[in-house]
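Values below: all heavy atoms of this structure, side chains included; hydrogens, waters and symmetry mates excluded. First the proteins, then the strands, lettered A, B, ... as listed; each starts at 1.
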Amino acid sequence: MSETTEKKSTYDPKAIEDTYYKLCEARGYFEIEGNEEIQEAGKTFSIMMPPPNVTGSLHIGHALTFTLQDIITRYKRMDGFKTLWQPGTDHAGIATQNIVEKQLLAEGTTKEALGREKFLERAWLQKEISGGNIVHQMRKLGVTPAWKRERFTMDEGLKEAVKEAFVSLYNEGQITQDTYMVNWCTHDGALSDIEVEHEEVNGKFYTMIYKFADGSGELEVATTRPETYFGDTAIMVHPNDTRYKDIVGKEVLLPLTDRKIKVITDTHVDMAFGTGVVKVTPAHDQNDYAVGQRHKLEMIKVFDEKGILNEYCGEFAGLERLEARPIIVKALEEAGHIVKIEDHIHQVGHCYRCKNIVEPFISTQWFLSSDMAQASIQKTKDETKARSEKGSSLFHPPHWINSYTAWMDELRPWCISRQLWWGHRIPVFTCDDCGHQWADKADQPEACPKCSSQKMTQDPDVLDTWFSSALWAMSPLGWGNNGKMSETYNDTDMVDFYPNSLLITGFDIMFFWVARMMMMGEHFQKELPFKDIYMHALVRDEHGAKMSKSKGNVIDPLDMVEEHSADIIRFTLAYLAVQGRDIKLGAKNLEQFRNFTNKLYNASNYLQLNVKSFKDLQEIEIKTPLGRYMQSRLALAVQEVRETLERYKFNESASILYNFVWNEFCDWGIEYSKADRESVVELGAIFKETLKMVSPFMPFISDYLYHKLSGTTLEEGKSLMVMSFPKEIKRDEESEKMFAIIEESIRALRRAKVVIDMGNSKIDKAYIKLDKTIHIDTKMAKPFIQKLAKVEEITFVDAKVADSITDVSDNLEVYLPTGEIDMTPIITKLTRQKEKLEKEIQKLNGMLNNEKFVANAPEAVITENRQALEDAQNKIHKVSAELNNFS
RNA sequence: GAUCGCGUAACUCAGUUGGUAGAGUACUUCCUUGACAUGGAAGAAGUCGUUGGUUCAAGUCCAAUCGUGAUCACCA
């Protein structure tokens, strides 16, 4: 109940973030020319946002990927690059169609009742409603894509690009129609191989009896899907299996229906597994399909595209395949055809959208040949090799290349047709009169190119959503847009921004998306679409569990923005974004960086207690020793932040910023300045420069503090986001050395004071003896030491002061005069220090006495160790001497 | 089954050309001193999973092994 006494010492993001964002967006900062004033000739940077599903809402994975993309984009923008971060949304065929179908169901109707045209109107309506939703949520994170260029994968221009690509590939013979066994979801239709998720399922293993047609006995056959046996067209055994030699060529009767099938041999059979007798159901099993083709077996489908059993199933016709299973099993059991039912754990394919069990199913679909990917595969390998010789990589982290190439090397034809209404309609037409089939970019071709008939029928299916996103690296740059949507791109875009500088995305869509963009980009542009590919990991909860709605452990990024701020969630994610490692996110992480924003805020408060407003670093000359020192430390931080960002080590960049601000600028810089008020004006300029570096990570608080410290406002001034990122600040070795000694003196004095239990109190006198090799301006150093070590008067001496306690450190000794105090803690401390030094000396001696070490190690390492040994010996000498004083 | 991660302080994790192990949190002791208690000072804490190997030198490179996770591929 202390709200009345509570001090206003915290930063309030709520008042800032929305306002600043709107202001910056309205000024066009996010667009390509937003940083016009600082753009440098020839520097371009581009990154395409992985388009979120138009029906989706923002989740924590989005927050991570968009934060990282935004950080790198803001950094490049500030660093003088002409920068494009291309935003957009994806039409997400199956997902969106499912949502609309559910809505219709709730209204008591169906898409069939509505008709294709009306249904698509509904889908577009849904797109308009929820498509705006996610892009507005994204703004809450403070991300800065070029919103004016926002695209949708089914907009007028991108439709053109899809047709351009399809027609071209069709005419090259890369896209063909084929009747083949595909992955079939009885709800969503055909799926590509990677849209099937294999999950372990506790199923049953049914052993059935098939009787020989000639009445000479029976066979035991095992299956996991008994309902498919109606489609059996053979029984097979291994040709070398002596157990079944005599039955080959015989006929068996299918239970209940008594259809006759033959026993054949095929090497596909594993003699050791089960009974060694396998039923062959070519229309409903991948392997059996191949067997069926080899043996020219009849392909009997036992259910239709909705999974409803047909006339081949006798009395069970009309039942749904999965519902029919127990009913069929019961009938078989009653008729004595089941020998046993065992538990069986096996992998079953599920639809990645609706989780329905996927069936192998024969159907006529469109396929994109894997041939067209070969060039991209070879180039990826070449590029990886070339980069690795330079110590770099195409993928970040580099190990992803293994999974990538392994998958690409086994690439199979891609089933690109989908039995949906929502999506890019396949631009293939068949002439009603002459039967000619062709692909056409026109939505309604005028006439059949062969017979000029005007009667034609377009393929009813649409393309896999990933077909259009496969073009995303180039289609928003105008590629294939046929002049449409031209207000969203420039004619020079392909030159400026292709290949894209960088792709940032999750590894989970590496095959769905990255691989497909690689093949399309290389095929059409003869150049891989990305210079760098960064794969980020998964965000998990604080216990390392995957977040899911059913577990209830989902962290909503919008809630976090509400509770903390966009800045805090951004910095937290960046700090935790270690390459190749999943992120465990908990409340504690956020707290750490909430404290950090508070630190920034209070540092600036302190500066303004002394000086009202500060100039930029470029506008002033740094004169004070402290100013020179802090500037030099900033120079190092700038260099390191740049290096780590260039390598996409977001966690390291964030950690360098954190350490510089807190452990260097605040803990030392600000504290020192209390001994030298003149330097505050310089520290303010240095802090403002630091805020520029913070800006890509925490854009709001940095802008706010920058303007506060400048005595300006964002409303009337420029944002940090379009100012130059710090660059090439001079190091000052002399200053750094001097302040290292000052710091060492302060730490030594504090240690010594703790020993005499005066840790927090001011003492009157203390002495410092610097090693002979150390030469600093003691007059200058003195006030800093006195202030921070809380000593009234420091005296530099050349010899040990009598009646004092001593602290021995690397380059100096300090002495505190003693009255009547208890010496035991001091003796304990010194003894411990001595033991530690002895160990160190032993280790160093061991190294240096080793002839091989001296012969082989680089000169620098040897001198370094010699020096270390000498230092340690000196130190132990002093410590021993000190101990002797007490004994 | 194949491929790839991960195993470092009590906890969560950093640690790239091999050169005497770091952070945050938690912990111990102390401090409301004039930016900040969402803070400050001092401190304790690790056989770097295990075993070998290469090397003058291994958390780092290699091999094996244990634990753990992911992806791909699978047998009716």
Inset, instruction - Take Tyr534(A) and His396(A), measure what ring pair (Phe, Tyr, Trp, His ring centres under 6.0 Å) needs, and give me the verdict at the end. - result: CA-CA 5 Å; Tyr534(A) 176 95; His396(A) 307 265; 7.3 Å; no
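- As rounded to whole Å, 10 Å separates atom C1' of C13(B) from atom CG of Asn589(A).
- Distances from the side chain of Arg677(A) to the nucleotides G24(B), G19(B), G34(B) place G34(B) closest.
- The Asp667(A) side chain lies nearest to G40(B) when the options are G40(B), A76(B), G5(B).
- The partner of U28(B) is A42(B), by the rule that a Watson-Crick or G-U pair needs both atom distances under 3.5 Å.
- Within the shown strands, G1(B) is the pairing partner of C72(B) under the Watson-Crick or G-U definition, both distances less than 3.5 Å.
- Remark: C61(B) base-pairs with G53(B); criterion is Watson-Crick or G-U wobble with both hydrogen-bond distances under 3.5 Å.
- Among the heavy atoms of the strands, none lies under 4.0 Å from Val280(A).
- Residue Thr224(A) places its side chain closer to A76(B) than to any other of A76(B), U20(B), U38(B).
- One interatomic measurement links the two molecules: CD of Glu743(A) to C1' of A42(B), which rounds to 14 Å at whole-angstrom precision.
- Set against A35(B), A76(B), G39(B), the side chain of Val278(A) has A76(B) as its closest nucleotide.
- A straight line from CZ of Phe687(A) to P of C36(B) spans 15 Å, rounded to a whole angstrom.
- In this structure, Asn663(A) places its CG atom 19 Å from P of A14(B), rounding to the nearest Å.
- Remark: Arg866(A) is not in phosphate contact with U20(B), judged by side-chain N or O atoms under 4.0 Å from OP1 or OP2.
- Using a 4.0 Å heavy-atom distance criterion, Gly580(A) is classed as a sugar-phosphate-only contact.
- Side-chain nitrogen and oxygen atoms of Arg750(A) include at least one within less than 4.0 Å of the OP1 or OP2 phosphate oxygen of A42(B).
- Across G39(B), A76(B), U20(B), the shortest atom-to-atom separation from the side chain of Trp662(A) is found for G39(B).
- The interatomic distance linking Ile763(A) (CD1) with U33(B) (C1') rounds to 16 Å, in whole Å.
- Residues Trp662(A) and Asn595(A) form a side-chain contact, since some pair of their non-hydrogen atoms from C-beta on lies under 4.5 Å apart.
- Taking side-chain N and O atoms only, Asn598(A) has no distance below 4.0 Å to OP1 or OP2 of G39(B).
- Atom CZ of Phe507(A) is separated from atom NE2 of His399(A) by 8.5 Å, given to the nearest 0.5 angstrom.
- For Asn760(A), whose side chain is taken as the heavy atoms from C-beta onward, the closest listed nucleotide among C36(B), C13(B), C30(B) is C30(B).
- A heavy-atom distance below 4.5 Å is found between the side chains of Tyr648(A) and Asp532(A).
- Contact annotation for Gln608(A): no contact, since no heavy-atom pair falls under 4.0 Å across all strands.
- The shortest side-chain heavy-atom distance between Glu652(A) and Arg647(A) falls under the 4.5 Å cut-off.
- Taking atom C1' on both nucleotides, G19(B) is separated from A58(B) by 10 Å, rounded to a whole Å.
- To the nearest whole angstrom, the two C1' atoms, one in A21(B) and one in C48(B), are 8 Å apart.
- Straight-line distance from the OH atom of Tyr575(A) to the C1' atom of G22(B): 10 Å, rounded to whole Å.
- Using a 4.0 Å heavy-atom distance criterion, Arg747(A) is classed as a sugar-phosphate-only contact.
- Here the separation of A64(B) from G22(B), taken at their C1' atoms, is 30 Å to the nearest Å.
- Residue contacts for Lys790(A): at a heavy-atom cut-off of 4.0 Å it reaches a base atom on one of the strands shown.
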Anything under 3.5 Å between a protein N or O and an N or O of nucleotides 65-75 of chain B, put it in a table, one pair a line.
residue	atom	partner	partner atom	Å
C75(B)	OP1	Asn287(A)	ND2	2.5
C75(B)	O2	Asp270(A)	OD2	3.3

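- Under a cutoff of 6.0 Å and an axis angle of 45°, Lys599(A) and Tyr658(A) do not form a cation-pi pair.
- Residues Asp541(A) and Lys584(A) have side chains not in contact (no heavy-atom distance under 4.5 Å, counting atoms from C-beta outward).
- Annotation: A42(B) and G53(B) have their P atoms spaced 44 Å apart (nearest Å).
- Residue Lys599(A) is in base contact, counting any heavy-atom pair closer than 4.0 Å across all strands shown.
- Across all strands shown, Lys674(A) has heavy atoms under 4.0 Å from base atoms, whether or not it also approaches the sugar-phosphate.
- The separation of A63(B) from G43(B), taken at their P atoms, amounts to 43 Å, rounded to a whole angstrom.
- Considering CD of Glu870(A) and CD of Gln873(A), their distance stands at 7.5 Å, rounded to 0.5 Å.
- Judged by Watson-Crick or G-U wobble contacts below 3.5 Å, the nucleotide G22(B) has C13(B) as its partner.
- In this structure, G67(B) forms a base pair with C6(B), meeting either the Watson-Crick or the G-U wobble geometry with both donor-acceptor distances under 3.5 Å.
- Distance Leu590(A) CG to G24(B) C1': 13 Å, rounded to the nearest Å.
- Among the protein residues, Ala860(A) comes within range of no part of the nucleic acid, since none of its heavy atoms lies under 4.0 Å from any strand.
- Nucleic acid contact class of Leu576(A) (heavy atoms, under 4.0 Å, all strands): none.
- Across all strands, Ala855(A) comes closer than 4.0 Å to no nucleic acid atom at all (heavy-atom distances).
- Cation-pi contact between Lys688(A) and Tyr706(A): present, with separation from the ring centre below 6.0 Å and deviation from the ring axis of at most 45°.
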Inset, instruction - Starting from the C-alpha separation in whole Å, work towards a yes-or-no answer on ring pair (Phe, Tyr, Trp, His ring centres under 6.0 Å) for Phe650(A) and Phe697(A). - result: CA-CA 10 Å; Phe650(A) 297 97; Phe697(A) 296 81; 7.6 Å; no
Inset, instruction - Assign a letter to each nucleotide of nucleotides 52-57 of chain B from its 5' end: B, base within under 4.0 Å of a protein heavy atom; S, sugar-phosphate only; -, no contact. - result: ----B-
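- A perpendicular orientation is assigned to the rings of Phe596(A) and Phe593(A), their planes being inclined by more than 60° (bins at 30° and 60°).
- Along RNA chain B, the nucleotide nearest to Asn595(A) and the one nearest to Glu652(A) differ in position, and the one closer to the 5' end is contacted by Glu652(A).
- What separates NZ of Lys649(A) from P of G15(B) is a distance of 6 Å, to the nearest Å.
- Aromatic ring centres of Phe512(A) and Tyr352(A) lie closer together than 6.0 Å.
- Trp400(A) has its ring centre no less than 6.0 Å from the ring centre of Tyr404(A).
- When the C1' atom is used for both G15(B) and G46(B), the distance is 14 Å, rounded to whole Å.
- In terms of the salt bridge (Lys or Arg N to Asp or Glu O under 4.0 Å) criterion, residue partners of Lys381(A) (sequence neighbours excluded) are, by chain and number, Asp409(A).
- C30(B) sits 37 Å from G49(B) when the P atoms are compared, rounded to a whole Å.
- Comparing the P positions of A73(B) and U3(B) gives a spacing of 15 Å, expressed to the nearest Å.
- The side chain of Lys584(A) lies closest to U12(B) when the candidates are G15(B), G39(B), U12(B).
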